[in-house]
**Student:** 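For reference, the structure I am asking about is given below.
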Amino acid sequence: MNILNPWYQPVKPALLECRVTWVLLALFSAGMLWLGHAFFQTWLFLAPCVFCVYIRAAFLGILIASLIGTLAPRHWWSRVPAVIGSVVSAVYGWIQSWNLVGVHVTRDYPEMESVFGIASCSMRAHFPFGLPLHEWLPSWFAPKGICGFEVPRVPNGVDLSPLRQKMVDVVTQDHGWFLIPYYKWGTMGDLCLIVFTLLLLGFFFAILFGLRTHWRRYKEEIG
């Protein structure tokens, strides 16, 4: 028996079976939602476009799926729906991020429209399963901006702090928000595309190692 083997090490729980994994993913998704609404929309006065609210919906889907995963990650009825919901939401977010990147690229390089297949976006939101998120939470999910044109809309009579005024001026002068303004690199679409790509890769390897863990457990049971 394995317990009599001095070199035996018990099979550790797979990453997706750990509650802390789902808690961290839920906190990350909630943080991304907060960042989009509180920082970009409220603090910088950048109205979200339709692809922006679709990306928020993707993070909301990951958040809900992660909360399901925290219930009982060692049991399939909690872990499997959480994995499926998170992966589907991440794929949806990746597609919408790609569309947002495409709008930014084709704005400056019209000849690239054939690559991305998109050059503009609608002002009407159509969420998966017909969910009227823009009606339930309009301040979070109602599109109010034009894709590819990120210019702060500061209401009249609002007094801005020096830091806030500086940020608004930089975004206005650059005709958009960039992670590195000097090089005009890192739009919101770029960063979200990177985030969803990393999430999907993370799930791929987590599922792969999870299957390896279950295989080791199976061999122990029959051995």
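Worth knowing before you read on, the calculation uses all heavy atoms, side chains too, and leaves out hydrogens, waters and symmetry mates.
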**Student:** Evaluate the side-chain proximity of Val168 to Pro152: yes if any heavy-atom separation is below 4.5 Å, no if none is.
**Tutor:** yes
**Student:** Enumerate, atom names and distances included, each donor-acceptor pair closer than 3.5 Å involving a side-chain atom of residues 80-93, sequence neighbours excluded.
**Tutor:**
unit_1: Ser86; atom_1: OG; unit_2: Ala82; atom_2: O; d: 2.8
unit_1: Ser89; atom_1: OG; unit_2: Gly85; atom_2: O; d: 2.8

**Student:** Does Arg79 use its side chain to pair, donor to acceptor, with the backbone of Pro73 at less than 3.5 Å?
**Tutor:** yes
**Student:** Suppose we screen for ring pair (Phe, Tyr, Trp, His ring centres under 6.0 Å). Which residues come up paired with Trp34, at least two apart in sequence or across chains?
**Tutor:** none
**Student:** So which atom in Ala38 and which in Thr42 form the shortest heavy-atom distance, rounded to 0.1 Å?
**Tutor:** O-CB, 3.3 Å
**Student:** Phe39: what forms a ring pair (Phe, Tyr, Trp, His ring centres under 6.0 Å) with it, not counting sequence neighbours?
**Tutor:** Trp43
**Student:** Output every pair passing side-chain hydrogen bond (donor to acceptor under 3.5 Å, both in side chains) with a member in residues 45-56, not counting sequence neighbours, ordered by first then second residue.
**Tutor:** Gln41-Arg56
**Student:** Should Ile180 and Val170 be counted in the same cluster of Ile, Leu, Val, Met, Phe, Trp and Tyr side chains packed under 4.5 Å apart?
**Tutor:** no
**Student:** Determine all donor-acceptor pairs shorter than 3.5 Å in which one atom belongs to a side chain in residues 186-203; sequence neighbours excluded.
**Tutor:**
unit_1: Thr187; atom_1: OG1; unit_2: Gly189; atom_2: N; d: 3.4
unit_1: Thr187; atom_1: OG1; unit_2: Asp190; atom_2: N; d: 3.2
unit_1: Thr187; atom_1: OG1; unit_2: Asp190; atom_2: OD2; d: 3.0
unit_1: Asp190; atom_1: OD2; unit_2: Thr187; atom_2: N; d: 3.1
unit_1: Thr197; atom_1: OG1; unit_2: Trp94; atom_2: NE1; d: 2.9
unit_1: Thr197; atom_1: OG1; unit_2: Leu193; atom_2: O; d: 2.7

**Student:** Evaluate whether atom CH2 of Trp77 has more than 12 neighbouring non-hydrogen atoms of other residues, nucleotides or ligands under 6.0 angstrom away.
**Tutor:** yes
**Student:** Walk me through whether Met123 and Val50 qualify under side chain to side chain contact (heavy atoms under 4.5 Å, CB included).
**Tutor:** CA-CA 6 Å; Met123 291 295 293; Val50 69; over 6 Å; no
**Student:** Checking side chain to side chain contact (heavy atoms under 4.5 Å, CB included) for the pair Cys49/Leu100: CA distance, chi angles, key distance, verdict?
**Tutor:** CA-CA 9 Å; Cys49 67; Leu100 184 55; 3.9 Å; yes
**Student:** With sequence neighbours excluded, tell me which residues meet side chain to side chain contact (heavy atoms under 4.5 Å, CB included) with Pro155.
**Tutor:** Phe45, Val158
**Student:** Between Val151 and Val171, does a side chain to side chain contact (heavy atoms under 4.5 Å, CB included) hold up when you go through it step by step?
**Tutor:** CA-CA 7 Å; Val151 179; Val171 175; over 6 Å; no
**Student:** For residues Phe205 and Leu15: do they belong to one hydrophobic cluster (side chain heavy atoms under 4.5 Å, members Ile, Leu, Val, Met, Phe, Trp, Tyr)?
**Tutor:** no
**Student:** Is it true that atom CG of Leu160 has more than 12 heavy atoms of other residues, nucleotides or ligands lying nearer than 6.0 Å?
**Tutor:** yes
**Student:** Holding to side chain to side chain contact (heavy atoms under 4.5 Å, CB included), I want the full list of residues that pass it with Pro138, two or more places apart in sequence or in another chain.
**Tutor:** Ala142
**Student:** How long is the span from the CE atom in Met167 to the CG atom in Leu46, to the nearest 0.5 Å?
**Tutor:** 9.0 Å
**Student:** Find out if a path of hydrophobic residues (ILVMFWY) with successive side-chain heavy-atom gaps under 4.5 Å connects Val23 to Met32.
**Tutor:** no
**Student:** Would a line drawn from the ring center of Phe40 to the ring center of Trp177 be shorter than 6.0 Å?
**Tutor:** yes
**Student:** Once side-chain hydrogen bond (donor to acceptor under 3.5 Å, both in side chains) is applied, what residue pairs with a partner in residues 159-171 remain, sequence neighbours excluded?
**Tutor:** Gln165-Asp169
**Student:** Using a side-chain heavy atom cutoff under 4.5 Å and only I, L, V, M, F, W and Y, what cluster partners does Val20 have?
**Tutor:** Leu24
**Student:** Do Trp136 and Ile55 share a hydrophobic cluster, counting only Ile, Leu, Val, Met, Phe, Trp and Tyr and linking them when any side-chain heavy atoms are less than 4.5 Å apart?
**Tutor:** yes
**Student:** Under 3.5 Å, sequence neighbours excluded: what are the donor-acceptor pairs made by side chains of residues 58-71?
**Tutor:**
unit_1: Ser66; atom_1: OG; unit_2: Ile62; atom_2: O; d: 2.7
unit_1: Thr70; atom_1: OG1; unit_2: Leu67; atom_2: O; d: 2.6

**Student:** I'd like a table of donor-acceptor pairs (distance under 3.5 Å, sequence neighbours excluded) in which one partner is a side-chain atom from residues 124-131, with atom names and distances.
**Tutor:**
none

